[in-house]
Structures are given as structure tokens and as C-alpha cells.
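For reference, the structure discussed in these notes is given below.
All chains are named by letter (A, B, ...) in the order of the sequence lines, taking the proteins before the strands, and each is independently numbered beginning at 1.
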Amino acid sequence: MEYKAVKGTRDFLPLQMQKRNYIFDTITSVYKSHGFLQIETPAMENLSTLMGKYGEEGDKLLFKILDSGMFLRSEKFSSFEQEINQSRINKAASMICEKGLRYDLTVPFARFVVNHQNDIVFPFKRYQIQPVWRADKPQKGRYREFYQCDADIIGSNSLMNEVELLEIISEVFNRLRLNVTIKLNNRKILAAIASIIGHEDKITEITVAIDKLDKIGLNGVEQELSQDGFTNDDIASLRPILQIKGSNEEKISTLKTFVSTNEQGVKGLEELQYVLDKCKTVGIDNVEFDITLARGLNYYTGAIVEVKADDVAMGSITGGGRYDNLTGIFGLKDVSGVGISFGADRIYDCLEELDLFPEDIKTATNVLFINFGEKESEKCLELAKNLRSANISCEVYPDSSKMQKQMKYANNRNIPFVCLLGENEISNNTIVIKNMLSGEQTTINQHELCQYFK
RNA sequence: GUAUCUGUAGUUCAGCGGUUAGAGCACCGGAUUGUGGUUCCGGUUGUCGUGAGUUCGAAUCUCACCAGGUACCCCA
């Protein structure tokens, strides 16, 4: 086939849209039940807004948009060529691209909050369901265009917000009937660990290495750390952290002694303890303190959270955390926010794999009127109008084709009821209703039709 | 960036050196002019990813290129 959708992007068929909307509707209704307000932001942002917020890897994965028109003045061409020749792609790109597609919804939201600070009420609780784009190589559970479903609370330091977001996560996955584990950590603890072994500047290296613990094991992590310039002494002092085990309480008590001399670490542990305690009061029992959880995004400063499906091999399906300084970058200081993001496409893949989509979401039309000809279908139009005003979706088959074809249409469209109204029925004011699931049919009076479907 | 697998009908795939390249599904028609989903019969569908090489002979073997998937990295 010659013309295809761009690699990593997809068309969605009607059935897929019905399933996707089931996910979006579930998340939206939970968000609304907590009083979150919806916003949208543009697909593209200035690169100055996006660059430098996601870490080195993130910058590489930004889709950049070529400036329109005379994008490169001839006098600049030689310096552009020079940058290209030296493989300084970002520098070269900045000369011909000023815009890029958004990489997530959080950074544009921070820009939004700064721009509209006088028009919104703080603490501001917003939700946003839109696509984001990443120039990644696609594979299972990884797309170049995918939907994030974000909820953030900005303008409040309270840890109640963390708890509310965890409640939302729990509620959404309950409603979707998907078993998950919520992994929780705190950047302050990670920063304290880095500080205690004397490598404050290497938080990223430490977190990335710790994050790989379950993948490459203790030896692998230690090897990686020594490649990153950590001495054997550093690694030895880190070992109790790398080998931490047990329940949430046991892990916390191990850490308490480890970070007791570090103010930030103590604070992080207190925050973590508070959130875990409150989770217990609201009945969330699948939260796990996971010291290996790091998250690549630069802007997180406090709680960080990630959700994994228990019964499917899939990357994280929800992520989030607290960011104390994100709006500061755009010129609004001392506004802290915390947010989460559901990855709708990965959740879709999980539900599909476990066959957890409800059957009834396939039904778009409840009743099909079989078309027997001009006179008969005219009567059907009348009855269809009545059904619709009673809020029952229905349609009249447009051609008086063979019955087999019309019935097949109802079957393929998952229409649960078919109405037959032919010559006989017209003459005695009746109508035949066939249940497509059971195959049973009944004959009723035409004026009883609305009542029948109520 | 690294590794690995796969490109054959609308689709899922079989054929893996030897006549004119097949099957299921889908689609169309019929058995059945007022009954779908189950059954039976018939029909349509191809630059075998592209190019070169090996060979008497290539969908099949080799190489290059193009396209797609998967794993690592990272992430939702």
C-alpha cells in the first residue's frame, strides 16, 4: 500500500473509537467528580518553552516544525551548514525551527498558568485530554502520537493534593477493572541519598542507576555507578539503599537511619509517610514505596508516582509527581503543583489484551427499521422520529434491499433490535420486533413502540 | 544510538530451487422474492517490498536498498 499513516501514528476505526471513548469517559467522569476543570492548549509550542524541561533524552525526542517561508537567509547559510557538519543538530535546528509539537501536557500547562494567572482561581485544578508527540522509535506500547489524560493541582503545597490524585488513580482503575500497583517515591529522598554520599551533582546518574536495579541487578548497577565515576567507597555506602527490601514501613525505617543527618531527606520521608498514611484512611491498599522509582523528567521535586498493570507486560500506564519550580521558569515564582497523567493508549492495549472492554460499548444504534419499500419506509420514518424523541437511537435502512442484506447489516453493526413493518403490519397497525441476540420476535401495536424500549 | 526478526490477494498467512503461486477470513451471487448470526454451492482479487547477482530455472538462495515489527536505552 502506497499511502499510509505516518510511522508511529494510527487511524482509529469506529469500534476502536468506541473503546477509546470508554476510557476517556471513565477518566473524565472521575476528574469531574473531584471538581477538576477542563482546558486545552495548542498542539505546538515555541521551542523555547519546550527545550530543557525533559532532560537530554527528551530534547532529542521533540518533533520540531520547520519555519515556513524563507526559513534560512542566505547570509546565515554557511553557519547553518557548519552546525550540521559538526552534528550539532539542536543548534542547527534552532536556526530553522522556532516551534515544536508538545512532548507532554505539563510543561504547556505551566506556561498556560503563567499566561493566565489573573484569569484562574488558585488552587487551580485542571484536567486536559489531548495528544502529545514524541520522535521515538515506535514499538509495543510506544507510539509517536498518543493521548495523555492529565490532572494537576497548582498553587497549593498541601500533601492532600497528592492523596487526592492517588484516590483518582485508584478510582479510575477500579472502574476500568484493571489490577494495578501504584509505585510511590519522593525526589527529596533521592536527592538526600545523593547528598549523603557526596555526589549532589549526580542525582540523575544515581536515580537512573537505581531505577535499573530490577533489570540489571545489584552487580549491574554497581558497575554502572563505577563507570559514572563513583568510588568503591561511594558504592559501599550506597549498598544498604540498593538492597532495601520489605514492606513500606520496613523500607521507611531503614531509610530513616540512613538519611537522619540530612534535613531534606527527613522531610521527604515525612512527606512519604503522610501520603501513605492518608492512603490507608481512604482505603487505597495497592500503593508501594519504591525507592527504585526515579522518573526521567527534570522538573519533579517531591512525590513521584508511576502505575504499572499487574497482569500485562507493559511500561508504566500512568505517571506523575510534584514540581515546585516549573512556573518559575516562565516567570511566576513560588507556585507549586502536582499532577498525574494517564496514558490512554497503553491503558487501551492493557484492556484489549485482558479482554476487559464491556460488551455494550459496541452498540451505537439500538433499533434498525427494515426497509420494505416506499410506503412502508415512510411509516418507519415517523416511528423512528418518535423513538429518537424518547432518547432511543435508531435508523431506517436506506434501501429496500433484500432482507438478508438488511439483517446482515444489523448484525454487523451490533444493533440489538430490528423492527419489521411490511404490508401486513401497515394494514393492521402492528409492527414486528426481533431481538437479534435471542432471535425471538414479538408483534405489538405501533403506538406501543416507545413503551416497548423503555 | 545498539541488536534482532519479517515483507506473498483487501486482510491473516501457507508455499522455502522445478508446470499456469494457494488456503482461511472478508466481499459478491445462489440454495432462501418476509428473517441476520450457524450450514452448503459458485465467483472476484496478485509488479510474491525494490534492484542486482547465482542458476538451465528464483516467491524460494546471496547481497544492497526500502518498509514494518520486536528487544535494549528511555518513557505514557
I'd like a table of atom pairs between the protein and nucleotides 2-4 of chain B - only N or O on both sides, under 3.5 Å - with the distance next to each one.
| from | atom 1 | to | atom 2 | distance (Å) |
| --- | --- | --- | --- | --- |
| A3(B) | N6 | K137(A) | NZ | 3.4 |

Legend entry - Y397(A) ring center within less than 6.0 Å of Y409(A) ring center: yes

Legend entry - Whole-Å gap separating P (C74(B)) and CG (D59(A)): 17 Å

Legend entry - Heavy-atom protein contacts under 4.0 Å, nucleotides 30-37 of chain B, coded B base, S sugar-phosphate only, - none: S---BBBB

Legend entry - Interatomic distance at C1', U32(B) relative to C48(B), whole Å: 40 Å

Legend entry - Candidate list K308(A), K251(A), K183(A), test salt bridge (Lys or Arg N to Asp or Glu O under 4.0 Å), partner D290(A), passing option: K183(A)

Legend entry - Residue pair F289(A) / N248(A): nearest heavy atoms and the distance that separates them: N-OD1, 2.8 Å

Legend entry - OP1 or OP2 of G69(B) under 4.0 Å from side-chain N/O of K140(A): no

Legend entry - Earlier contact from the 5' end, RNA chain B, for V6(A) and T318(A): V6(A)

Legend entry - Interatomic distance, R142(A) CZ vs A71(B) C1' [rounded to whole Å]: 11 Å

Legend entry - Aromatic ring pairing F36(A)/Y31(A), orientation class (parallel under 30°, perpendicular over 60°, tilted between): tilted

Legend entry - Rounded C1' spacing from G49(B) to C5(B) in Å: 16 Å

Inset, instruction - Sticking with atom P, work out how far A14(B) lies from G53(B), rounded to a whole angstrom. - result: 29 Å

Legend entry - Euclidean distance for P, G30(B) against G36(B) (whole angstrom): 13 Å

Inset, instruction - Take the protein atom CZ of R134(A) and the nucleotide atom P of C74(B), then report the distance between them rounded to whole Å. - result: 14 Å

Inset, instruction - Grab the stems for RNA chain B, please: at least three consecutive Watson-Crick or wobble pairs, both distances below 3.5 Å, written as range with range. - result: B:1-7 with B:66-72, B:10-13 with B:22-25, B:27-31 with B:39-43, B:49-53 with B:61-65

Legend entry - Over 12 non-hydrogen atoms of neighbours within 6.0 angstrom of OH in Y147(A): no

Inset, instruction - Give a yes/no verdict on a cation-pi contact between R134(A) and F63(A), requiring under 6.0 Å between NZ or CZ and the six-membered ring centre and an angle within 45° of the axis. - result: no

Inset, instruction - For Y143(A), answer base if it contacts any base atom (sugar-phosphate contacts may also be present), sugar-phosphate if it contacts only those atoms, and nothing otherwise; contact means non-hydrogen atoms under 4.0 Å. - result: base

Inset, instruction - Whole angstrom is fine here: how far is it from CD1 in I340(A) over to P in C75(B)? - result: 19 Å

Inset, instruction - Between U19(B) and G15(B), how far apart are the C1' atoms? Round to whole Å, please. - result: 15 Å

Legend entry - Interatomic distance, M314(A) CE vs U70(B) P [rounded to whole Å]: 10 Å

Legend entry - Non-hydrogen side-chain atoms of R175(A) and S29(A) separated by less than 4.5 Å: yes

Inset, instruction - Sticking with atom C1', work out how far U2(B) lies from U12(B), rounded to a whole angstrom. - result: 32 Å

Inset, instruction - Would you please say whether a donor-acceptor pair under 3.5 Å links the side chains of N179(A) and D311(A)? - result: yes

Inset, instruction - Check the distance between C74(B)'s C1' and R144(A)'s CZ and give it to me in whole angstrom. - result: 15 Å

Inset, instruction - Please state the P separation for the pair A71(B) and C61(B) - nearest whole angstrom. - result: 26 Å

Legend entry - Euclidean distance, C97(A) SG relative to I65(A) CD1, rounded to 0.5 Å: 8.5 Å

Legend entry - Non-neighbouring partners of A191(A) that pass side-chain contact (heavy atoms from CB on, under 4.5 Å), sequence neighbours left out: I203(A), Q264(A)

Inset, instruction - Give one of base, sugar-phosphate or nothing for Q139(A), where a contact means two heavy atoms less than 4.0 Å apart. - result: base

Inset, instruction - Mind calculating the distance between CG (D150(A)) and P (C75(B)) to the nearest angstrom? - result: 16 Å

Inset, instruction - State yes or no: are the ring centers of F24(A) and F342(A) separated by less than 6.0 Å? - result: no

Legend entry - side-chain contact (heavy atoms from CB on, under 4.5 Å) partners for S156(A), two or more places apart: P123(A), S158(A), N161(A)

Inset, instruction - Under the side-chain contact (heavy atoms from CB on, under 4.5 Å) rule, collect the residues that match up with N424(A), sequence neighbours excluded. - result: none

Inset, instruction - Provide the distance between the two P atoms, one in G10(B) and one in U50(B), to the nearest whole Å. - result: 14 Å

